[in-house]
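Take a look at the structure below.
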Amino acid sequence: MTASTGPTGRARIEARTLRTDRWWLSPLLTAAGLTAFVVYGLVRTFANAHYWVPQYNYLAPFYSPCLSEVCVEGSAHFGRWFPDLGWLITPPLFVLPFVLGFRFTCYYYRKAYYRSFWLSPPACAVAEPHSKYTGERRFPLVMQNLHRYFFYAAIPVASVLTYDAVIAFKGADGGVGIGLGTLIMLVNVALIWAYTLSCHSCRHIVGGKLTHFSRHPVRYRLWTLVSKLNGKHMQLAWASLISVGLTDLYVALVASGVLTDLRLFN
Amino acid sequence: MSEIERHAYDVVVIGAGGAGLRAAIEAREQGKRVAIVCKSLFGKAHTVMAEGGIAAAMGNVNSRDNWQVHFRDTMRGGKFLNNWRMAELHAREAPDRVWELETYGALFDRTKDGRISQRNFGGHEYPRLAHVGDRTGLELIRSLQQQIVSLQQQDFRDSGDYEARIRVFAECTVTELLKDDGAIAGAFGYWRETGRFVLFEAPAVVLATGGVGKSFKVTSNSWEYTGDGHALALRAGASLINMEFIQFHPTGMVWPPSVKGILVTESVRGDGGVLRNSEGRRFMFDYIPEVFKDKYADNEAEADRWYTDPDSNRRPPELLPRDEVARAINSEVKAGRGTPHGGVFLDVSTRLPAEEIRRRLPSMHHQFKELADVDITAEPMEVGPTCHYVMGGVEVEPDTAQSRVPGLFAAGEVAGGMHGSNRLGGNSLSDLLVFGRRAGLGAASYVDGLSARPAISQSDVDSAAQWAQAPFNAAEGGEVENPYTVHTELQQSMNDLVGIIRKGGEIEQALENLEQLKIRARNAAVEGHRQFNPGWHLAIDLRNMILVSECVARAALLRTESRGGHTRDDYPGMDPLWRKQVLRCEADGDGIAVTSLPQPEMRSDLLDLFEREELQKYYTDSELAGHGELP
Amino acid sequence: MSYKANFRIWRGDDEGGELADFVVEVNEGEVVLDIIHRLQATQAPDLAVRWNCKAGKCGSCSAEINGRPRLLCMTRMSTFTEDETITVTPLRTFPVIRDLVTDVSYNYVKAREVPSFKPPEGLKPGEYRMQQVDVERSQEFRKCIECFLCQNTCHVVRDHDENKESFSGPRFLMRISELEMHPLDTEDRVETAQADHGLGFCNITKCCTDVCPEHIQITDNALIPLKERVADRRYDPMQHLFRRIRKQ
């Protein structure tokens, strides 16, 4: 038991919590969701296959941008920066640190995993199991303060995904075309942008740091817009996480021939 | 008698609402050591409940406003029974007091050019109320609280002790004022938490204890409003005036029963809300009294135009002074045109877009949503009169706020005179600041003028302690009463018999009841020990409530006219002869004696601010002889 | 419309205590505080509870109802089923005085340590000019009624009493934010927020926002922006460089 008894003078109530609702449900679902994503991500990262559909220019988001010598023909739109470093170092590993870093240091995801994995606290007014707590004051958690740099890095990544979505408007005959994959990639990139721009660091940078909005009308407008998005940061975090996974899965299924892309036009 | 905790201060302020805190700040800035003693936690005082705003003629929204106009409105609202000097000081100084709050960090809503925005309110000719949404009282109390912290930080830098010159004694009740040779020597009280007694040795005491609403059943006041300051002053030998005038706010919640009485801010009407009876009629047009006919619209079209063009239209009758609106609602309900829960409809949902309602009246929206499950952006509220404010209080010298007991000062609701027979909305918060400051200043200069500190006699301390402990021994005297039951009966009696509409016979009945309750309160026994014992707290407060209720009833019986917050069914008219008289209550044995005093005459330059035509409604012809002939 | 409800109320003091069972009448439209008052008037005259305005405006009647930090006066009985047992306990984070009353002095100590508002020198009263858009952010935080539910629910001190020394809690970190966003304030509290008030303890798990009866977005609008300002100052080398260049 933590500090509910003893010299602190608190009311001696032994129960860890007196909550009668299913407070454990939310952290459980969060943990399940995040674990599923990580497992899927690991499998995909090390599979190192089925990420490019040359016929329609579909590139799986886990492999975008593909910057390695080992990237399959046609998938490296931005050059091959890295040599072949063996089967263990797959192309996603060059980009993932930035993408995952952005999510890992995100103010919403921090709440999510502090609560569901570290149980600190598992839910409001439910005692945490740790005897000491120092928060984000020391290494490594003090590094969470670098979130803004990951935000900066997330912008080129989102831009690359936008490029991917644009070139995915490619038909079977090489001209313009639209398939289900194109639409999925389009929705995905929209959600990625919404999530990226709704970031708390972004909100701070565009205007939040100002004390006098009235002297910066343009930045105030931007701040107002970002604030609106920011109110939905949690929803966008999940929506974009799921959409990245599903987009990747769809491209993988098409690339491996399990599915045939549903063509809407050409 | 065990050892009693003792503290010595220059000034003891009782009450930590707007007036108390402002007094404490002033006394401290004058170099005095100050104790603030309050029944609740610091920052919880009833001032937080004030919603609408602070009236101050800054002229930010309409530049034609100035202190003279504010003075006129205040006198009119009080039906010329106000102490003119207090009304003058108030109108002149209110803007400075509001601006001062900004230096403490207050953030009022702004006009386009960056100044403090001001809103319309009942009885005020121009938009005059500085406000923050509908939580102005909270802003005021927080700003003062934070200024006190700021001063404590200064003291810490100077002396290493935050509490070197201001200390807050929270959750501490004062039960007795102690004197030495007729002048204040200190205060005796107990810690609510432990029940231990505490003695303050101080040559000056500022009463800032607020009002008496807890003597009434339906009230917007919190449990703290038990008339402590009124009773302390009486027992210390000071006098109260105007106690017959109780303001019933026209719009309190009427449903659900447990929140009956909780306030619905006047800003709802100031921002366009209208009152309707169960037949859907905007009934206020039927209740415009003769004296206000030329200032209020007599048809809906003109009233509605006023919101956008106040210069060429008369104002809607929903914005009549509070006493008029409260009586009108009372009549409608009595005539059978009330709502299912016994009120009338106050509707803003058809008058403003939902978004605008949420922006301008956020805490009303929140309050109805959470407590009554009513969405005020979509449906009307049900409202009815609720006991809100006592105009009467300690008789003080206007400039210094000193009572007739040397060293005893009073400010805010506990002081009398400023508002006459009826207070205008928004004038309360400004009253707190103006007279809170003056009381602090008065107390400081009184202390400076003393040649020696007064001494407290041990026998006075012993008897104060005995008196405070009495409820624990009451059970020995035979018949035992439950203080909660006695309190409930007091509230019912005052509500029914000395409430919004009064009759001579009923008031006499109330006085008989009070005699009974007085005896029963003496037998009110409490169980358990002194540590945080609410039964004991109530038993002590009960004695104050009964004493003050007697003042209200006795004065109400004597005043045979209707004026402002005193309506006699058997004397429905306003009588100019009564304008000249003020009723003064004094302690007399264990009861109250009431005498009549002449009202001080207004300085002629102030009287000249009014048209003779208007004065004729309040003054006798002989009084006006020689004053501004008719053109 | 009335029924009998089962209540369990913690009674005791710092020496010990227990949950006492009561069966009490409940009428339509009542809140938990009404029931506590009925108990005082009928069954337990010395039951200690702190309350004041009974309208959700003063923040006195904070307690925990079925384990959740709430205002007693703003918790309607209609949110419970008639056969539900309702457990009312004192705030867990602060020392208990008696029954439902706790010693909240921690909060007043912390309040006193936040550097006060400091207006520009030479600006006289009445000369203050501020734009509505510039005061709105701080105004949101000034809605705070100081019920201390956020302080109570924050696990940093709720689960770790030893952190009280170096952590001021969401209410007072929000106060720092409020002053930092005040358009006329001239004091700089960014450094002290992290160094003396323990902003770094906050792991933004948002329980403060969840319990706020005024629905202030404490985490998103006060704490995170303050963390970002601290990051500007302390943890962002580019900002650091930028500031140095600007100075020269």
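By convention in this document, chain letters (A, B, ...) are assigned in the order of the sequence lines, proteins followed by strands, and residues within each chain are numbered from 1.
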Side-chain donor-acceptor pair present, Gln144(A), Asn203(C), cut-off under 3.5 Å: no
Sole candidate of His200(A), His204(A), Glu136(A) that passes side chain to side chain donor-acceptor pair (under 3.5 Å) when paired with Lys227(C): Glu136(A)
Ser138(C) portion near chain A, given a 4.5 angstrom heavy-atom threshold: neither
Chain A contact via Glu180(C) - which portion, at a heavy-atom distance below 4.5 Å: backbone
Chi angles and distances behind the salt bridge (Lys or Arg N to Asp or Glu O under 4.0 Å) call for Asp46(C), Arg11(C): CA-CA 10 Å; Asp46(C) 60 343; Arg11(C) 301 214 58 187; 3.3 Å; yes
Audit row: Arg203(A), Ser227(A), side chain to side chain donor-acceptor pair (under 3.5 Å) steps and yes/no: CA-CA 6 Å; Arg203(A) 187 178 181 223; Ser227(A) 295; 2.9 Å; yes
Contact winner vs chain C - Leu146(A), Asn145(A), Leu210(A), heavy-atom pairs under 4.5 Å: Asn145(A)
Max heavy-atom pair count under 4.5 Å with chain C, selected residue of Arg138(A), Arg148(A), His147(A): Arg148(A)
Plane angle bin for Phe62(A) and Tyr40(A) - parallel if under 30°, tilted between 30 and 60°, otherwise perpendicular: perpendicular
Contact leader toward chain A among Glu15(C), Gln217(C), Met181(C), where contacts are heavy-atom pairs under 4.5 Å: Glu15(C)
Which portion of Val157(C) sits near chain A, non-hydrogen atoms under 4.5 angstrom: backbone
Ring geometry between Tyr149(A) and Tyr152(A) (parallel below 30°, tilted from 30 to 60°, perpendicular above 60°): perpendicular
Under-4.0 Å salt bridge between Asp134(C) and Arg215(A): no
Region of Thr205(C) in contact with chain A, defined by heavy-atom distances below 4.5 Å: both
Between Phe148(C) and Tyr108(C), ring centroids under 6.0 Å: yes
Under 4.5 Å from any heavy atom of chain A - which part of Arg234(C): neither
Per-residue contact mode, Asp220(C) against chain A (heavy atom under 4.5 angstrom): both
Region of Glu18(C) that comes under 4.5 Å of a non-hydrogen atom in chain A: neither
Top of Pro183(C), Gly12(C), Pro90(C), Ser166(C) for chain A proximity - count of heavy-atom pairs under 4.5 angstrom: Pro183(C)
Whether Thr209(C) side chain and Thr219(C) backbone form a donor-acceptor pair below 3.5 Å: yes
Structural part of Cys202(C) lying under 4.5 Å from a heavy atom of chain A: backbone
SG-SG under 2.5 Å, Cys150(C) vs Cys208(C): no
Max heavy-atom pair count under 4.5 Å with chain A, selected residue of Thr89(C), Asn163(C), Asp210(C), Asp232(C): Asp232(C)
Contacts with chain C made by residues 101-114 of chain A (heavy-atom distance under 4.5 Å), listed by residue number: Tyr107(A), Arg110(A), Lys111(A), Tyr114(A)
Ring centres under 6.0 angstrom apart (Phe7(C), Phe22(C)): no
Distance-only side-chain donor-acceptor flag, Arg115(A) / Thr30(A), under 3.5 Å: no
Choice from Phe213(A), Tyr133(A), Tyr220(A) maximising heavy atom contacts with chain C below 4.5 Å: Tyr133(A)
Contacting moiety of Phe94(C), where chain A heavy atoms sit under 4.5 Å: backbone
Tyr195(A) ring center within less than 6.0 Å of His233(A) ring center: yes
Side chain / backbone / both / neither for Asp185(C) at chain A, heavy atoms under 4.5 Å: neither
For chain A, the option from Val156(C), Thr87(C), Thr93(C), Asp13(C) that forms the most heavy-atom pairs under 4.5 Å: Thr93(C)
Arg92(C) NZ/CZ over Trp10(C) ring centroid, <6.0 Å and within 45° of normal: no
Lys NZ or Arg CZ of Lys110(C) over Phe172(C) ring: under 6.0 Å, within 45°: no
Engaged part of Met130(C) at the chain A interface, taking heavy atoms whose separation is under 4.5 Å: neither
Interface moiety of Trp118(A) toward chain C, non-hydrogen atoms closer than 4.5 Å: neither
Residue Trp23(A) excluded, over 12 heavy atoms near CH2 under 6.0 Å: yes
Chain A contacts, top residue of Val96(C), Val230(C), Ile65(C) (heavy-atom pairs, under 4.5 Å): Val96(C)
Contacting region of Glu228(C) [heavy-atom separation from chain A under 4.5 Å]: both
